[in-house]
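In the text below, chain A, chain B and the rest are named by the order of the sequence lines, each starting its count at 1.
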Amino acid sequence: MLTPLEWEALQLSLKVAGVAVGASLVPGIALAWVLARHTFPGKSLLDGLIHLPLVLPPVVVGYLLLLAFGRQGVIGQWLARFDIGLPFTWQGAALAGGVMAFPLMVRAIRLSLEAVDVRLEAAARTLGATRARVFVTITLPLALPGVLTGMMLSFARALSEFGATMTFASNIPGETRTLPLALYSVIQSPGREAAAARLCLISIAVAMLSLLVSEWLARRSRRRMEGRDV
Amino acid sequence: MFELDVTRVQGEFTLEVDLRLASRGVTALFGPSGSGKTTLLRLIAGLDRPDRGRIALEGYVLCDTATCRFVPVHRRRLGIVFQEARLFPHYSVRGNLCYGMRDEDPAAVARISGLLGIDHLLTRMPNTLSGGEARRVAIGRALLSSPRLLLLDEPLTGLDGARKQELLEYLAALVRDIDIPVIFVSHDPQELLAVADDLVLLEKGQVLAHGALNEVLARPELMSRLGGFDISAMLAARCHRHDVRRQLSELRLSDGQMLELPTLDIEPGQWLKIQVRARDVAIALEPVSGTSIRNTLKATITACQPLDDMASVTLVMLDAGQQTLRALISTASCEALGLAPGMTVQALIRAVSLARPAAAPALADQEVP
């Protein structure tokens, strides 16, 4: 059904976006929790920094990543000691996608954490639960629909990432050529409208599917909370 | 003994409380909203820190600003039932009940849920429960965390009459069964009369009065403060027998005097506390005949005092078998009858407003058989 090249781009896209979401989940929850439950000096600055990729041109983010993670970059030099190079690799594409998608994830999780009734947490504390246990057994399960929404949004965003990936990880077939980059390559040469249309349809199908799955998961977890049968 | 000696300033409001509460029985914390009930409760729970002071339960110091000791909330082992049930929506009723238990103990869950009448709800989710059921689960959850103290913060607020009465009955049964101190926060006099042994009256962050329920209710200077409370007396009596034909229950006071009440659902031999409102008591100099009032007690006047805010009414304190009874009569009748301390009179009891099972009083030893 799919040509080997399309298959390659699809698999790569799913891998890149999946790793991007997986790697940003824990820091995303941690930052969302810090922003939702604490006030400290510099909170607005941190909030702004997290949101920056949302408002910056993706190319700028890609270029900044290149500066930081490139061979001469501060982090790049450090990583080179462990023989890790991110630019022009699929891991680099995942990093670019993850950074671009991070604000969406933090926003969704933060909103759902803010909606969790702190009185329930206080009640759990009076029942002998430590803060950690309260977070794991009360706060996180109650915020789960928001966490799922955040994961879906950032997955879709990472999947569709183009500018930052192009700048930081380049467009290497089989390594960093995800669906959007493959589509871009196809429309560069004339007479390949059919191939472009196919890639378009694949992108739409994947996006729709992830949307539906996350919607189903979120509804399921909400239902369970409302005590209806799942 | 539960020692509370705390000060906390919140903006314009200052809470300053120094109390010693009994180790057993129910202490009611009564006061209008804004009197500091919730502030005090949060200090006890450890959700807030006092600016100064010490809280100790049976010698175990929960908080002492002098030694910088502060036991965190989760290690205090206090069972707290909040105004709203605060059940965890993603846990079943059983999950909620077990949340605070250290070890799974199905027998304890079965016992407490039986006591609270929630055993048929264990697999349900909290959102499907009625308000009264949710409160009962919350109380069960607090009890199953094996607390050293049970704190109930207006647990009946927001329930309709029938549900309230139902839960009140569960509560009254419960507090007789458990042997930890219970603090019951409320602004509803009827709730307190149904369950409380002691009363703490809070106003503007200060303790206005603290003592046995009966004793505090009797203080005329507190009458306006007590708002909804009518001046009344709580008498201890023992159920003697039921008269099925006339549908009456005979009660005997400790000095052998008898009262008749519409049939009570109680075993003969069981002790009761009955509430007699001062305005339901009339006074006659001699035993009267030809009256519809069935209950008459022989009593000795101990004091007559006109009320501060209503001089046309006089509160007469009576002693009936070492229990205090109060009568509210017009000052004019008091003068016409020439009532004075030391006189023996007949107290005519028009109605008994409430009767509830109680533990045998200490004076039971002196009982006349």
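Under the side chain to side chain contact (heavy atoms under 4.5 Å, CB included) rule, T126(A) has a single partner from I80(B), L151(B), V81(B), which is I80(B).
By the 6.0 Å contact criterion, CZ on R157(A) is enclosed, its count of non-hydrogen atoms from other residues, nucleotides or ligands being greater than 12. The local environment of CZ in R52(B) is crowded, with over 12 non-hydrogen atoms from other residues, nucleotides or ligands closer than 6.0 Å. More than 12 heavy atoms of other residues, nucleotides or ligands shown are found within 6.0 angstrom of CZ on R69(B). The local environment of NZ in K204(B) is sparse, with at most 12 non-hydrogen atoms from other residues, nucleotides or ligands closer than 6.0 Å.
In this structure, R119(A) contributes its side chain and R86(B) its backbone to no donor-acceptor pair below 3.5 Å.
For R133(A), the parts lying near chain B are the backbone and the side chain together; criterion is any non-hydrogen pair under 4.5 Å. Within the 4.5 angstrom heavy-atom criterion, no atom of R124(B) approaches chain A. Of the two parts of L78(B), only the backbone, made up of N, CA, C and O, holds a non-hydrogen atom closer than 4.5 Å to a non-hydrogen atom of chain A.
Y99(B) and T137(A) get closest at one heavy-atom pair: OH-OG1, 2.6 Å.
The CG atom of L127(A) sits 5.5 Å away from the CZ atom of F88(B) when rounded to the nearest 0.5 Å. The CZ atom of F82(B) lies 10.0 Å from the CG atom of L120(A); values are rounded to the nearest 0.5 Å.
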